[in-house]
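Reading through the structure tokens given below for one structure.
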Protein chains: 2
Amino acid sequence: LIRMRDVRKVYPHPAGDVVALDGVTLEIGHGDFIAIMGPSGSGKSTLLNLIGCLDLPTSGEVSIEGRNVRDLSDDELTELRRDCIGFVFQTFNLLPLLNVVENVEFPCILKEGSRGCEERFLPVLKAIGIERDLFSHRPSELSGGQQQRVAIARALVNDPRLILCDEPTGNLDTKAGSQVMELLMDLNRRGRTVVVVTHDPRIAAYAKRKIEMMDGRIV
Amino acid sequence: LIRMRDVRKVYPHPAGDVVALDGVTLEIGHGDFIAIMGPSGSGKSTLLNLIGCLDLPTSGEVSIEGRNVRDLSDDELTELRRDCIGFVFQTFNLLPLLNVVENVEFPCILKEGSRGCEERFLPVLKAIGIERDLFSHRPSELSGGQQQRVAIARALVNDPRLILCDEPTGNLDTKAGSQVMELLMDLNRRGRTVVVVTHDPRIAAYAKRKIEMMDGRIV
Ligand SMILES: Nc1ncnc2c1ncn2[C@@H]1O[C@H](COP(=O)(O)OP(=O)(O)OP(=O)(O)O)[C@@H](O)[C@H]1O
Ligand SMILES: Nc1ncnc2c1ncn2[C@@H]1O[C@H](COP(=O)(O)OP(=O)(O)OP(=O)(O)O)[C@@H](O)[C@H]1O
Ligand SMILES: [Mg+2]
Ligand SMILES: [Mg+2]
């Protein structure tokens with residue numbers, strides 16, 4: 001599904017360029033369930049952004065289903081991210097002026113207009129444990145863990161083939177965290193490919209395969 | 001140091017008022033080291049905000065060093081928060097247009113103007129593991145765990161007597177997380193009062209006392 005060859009990612013910066021990824025080669029197959037671990041600053045979020053086609057490498061190749069990401073047009077990239085990839089950001093990135101329902105159904109509306117989105121957001125919010133009485137709350141009117149779960153629900157609403165989660169349980173208690181991982185395992189059993197960045201070995205234990213990062217490399 | 005009697009906090013909301021705290025009574029003594037745990041949405045951040053005088057209860061009393069928070073003038077409250085309380089927010093709340101150094105020295109500059117702040121931010125950034133080469137980065141140019149540690153450094157720069165941390169290790173690997181907790185333990189040994197909200201039992205284990213919350217109450 002995803003192939004990376006000798007990928008480097010450098011962030012130019014006045015204080016000194018940062019080599020966030022320093023020659024990464026990896027393959028993610030259909031139906032994989034991968035955990036990416038490593039110290040703070042080791043390049044995990046950067047790697048996930050490249051897998052999710054949110055950014056391009058400085059050098060090296062990223063291919064999704066055999067096609068080099070560099071060769072895709074802007075329209076093709078947009079369509080790919082909207083229809084095939086669900087991304088949960090480390091800092092959630094919810095839209096502050098929209099409420100829970102509007103945030104979660106947003107990718108669905110982008111994909112199909114507003115018909116049929118109601119049946120899509122209800123089951124996903126239920127599965128993630130967000131109650132009806134919170135539906136009209138805006139992100140600033142939610143707890144940290146509730147915001148995190150709404151971000152996860154939003155990533156899942158279009159039933160994407162590739163699910164990418166950056167620290168999806170950092171603000172959740174053990175019970176809510178297991179609920180999220182059970183949901184991801186269930187989606188994986190039904191054929192979805194899942195990649196989770198996590199600092200928590202107990203969360204990584206749900207995955208079939210682990211990748212360890214250190215200083216921008218896979219070790 | 002802090003005394004709360006029968007504290008209720010209700011957030012009015014068109015969808016239905018939310019009783020975030022439902023009759024909380026507790027005391028925090030000088031030199032305490034307390035961990036607050038509980039499910040997502042149980043009221044932990046709300047409780048911490050009241051302890052830190054960032055908000056007032058709907059009913060009930062919050063006193064800090066014998067003085068009811070309601071009786072303090074705006075100036076007295078501002079001075080209290082700036083000089084005596086260090087607060088680490090669950091979502092960091094760093095100032096996006098300021099770099100690491102400017103963010104961390106901000107409370108110091110508020111307190112004493114810009115003299116002497118250099119000697120204050122250097123040791124605290126060193127203790128928390130943020131290297132010099134990141135000093136001129138803005139929050140958006142940092143990893144999630146680096147942002148979290150900069151938020152912690154900012155809370156500690158004025159050497160506050162009361163240190164309040166809302167999920168301070170959620171984005172940190174085990175090693176960086178222990179480094180933060182060792183720092184808090186050291187500050188506690190030297191007389192500072194520490195309250196940490198956490199979902200992680202291994203982080204709570206550093207505290208001398210644990211408080212469990214459920215549905216806005218202490219259980
Ligand atoms: N401004 C607000 N308006 C309405 N409801 C709110 C507001 N802020 C918080 N709440 C609600 O109050 C309850 C308690 O929130 P709080 O942030 O204290 O929980 P928490 O224990 O810190 O949760 P978490 O572990 O997820 O961070 C939640 O159900 C939340 O939805
Ligand atoms: N826009 C940017 N400009 C400069 N440096 C950056 C930028 N974004 C990230 N970095 C740096 O790149 C490195 C890798 O960042 P990344 O966010 O991938 O780390 P991470 O492994 O996800 O860390 P964490 O576990 O703390 O979230 C970090 O040292 C960070 O400071
Ligand atoms: Mg990250
Ligand atoms: Mg909270």
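Below, chain A is the first sequence line, B the second, and so on; all start at residue 1.
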How about [X] and [Y]: do any of their side-chain heavy atoms sit closer than 4.5 Å?
X: B/Arg149; Y: A/Ser40; result: yes
X: B/Asp133; Y: A/His13; result: no
X: A/Met37; Y: B/Thr174; result: no

Check: Any idea which heavy atoms bring A/Gln146 and B/Gly41 closest together, and the distance?
Finding: NE2-CA, 3.8 Å
Note to self: So which atom in B/Gln90 and which in A/Gly144 form the shortest heavy-atom distance, rounded to 0.1 Å?
What the structure shows: NE2-CA, 3.6 Å
Can you tell me if [atom1] on [X] sees more than 12 non-hydrogen neighbours from other groups inside 6.0 Å?
X: B/Arg209; atom1: CZ; answer: yes
X: A/Lys175; atom1: NZ; answer: no
X: A/Arg132; atom1: CZ; answer: no
X: B/Lys126; atom1: NZ; answer: no
X: B/Glu118; atom1: CD; answer: no

Using atom types as modelled, flag every donor-acceptor pair under 3.5 Å from a side chain in residues 211-219 of chain A to any protein atom, sequence neighbours excluded.
unit_1, atom_1, unit_2, atom_2, d
A/Arg217, NE, A/Asp22, OD2, 3.3
A/Arg217, NH2, A/Asp22, OD2, 2.6

Check: What is the distance from atom OG1 of A/Thr91 to atom CD of B/Gln147, rounded to the nearest 0.5 Å?
Finding: 6.5 Å
Check: Looking at CG of B/Asp200 and CG of A/Leu172, how far apart are the two atoms once the value is rounded to the nearest 0.5 Å?
Finding: 12.5 Å
Next item on the list: Can you tell which part of A/Glu167 gets under 4.5 Å to a heavy atom of chain B, answering side chain, backbone, both or neither?
Entry: side chain
Next item on the list: Would you mind checking which part of A/Asn171 comes under 4.5 Å of any heavy atom in chain B, side chain (CB onward), backbone (N, CA, C, O), both or neither?
Entry: both
Check: Side chain of B/Asp173, backbone of A/Gly38: donor and acceptor closer than 3.5 Å?
Finding: no
Checklist line | Residue-level contacts of residues 134-142 of chain B with chain A, using a heavy-atom cutoff under 4.5 Å | finding: B/Ser136, B/His137, B/Glu141
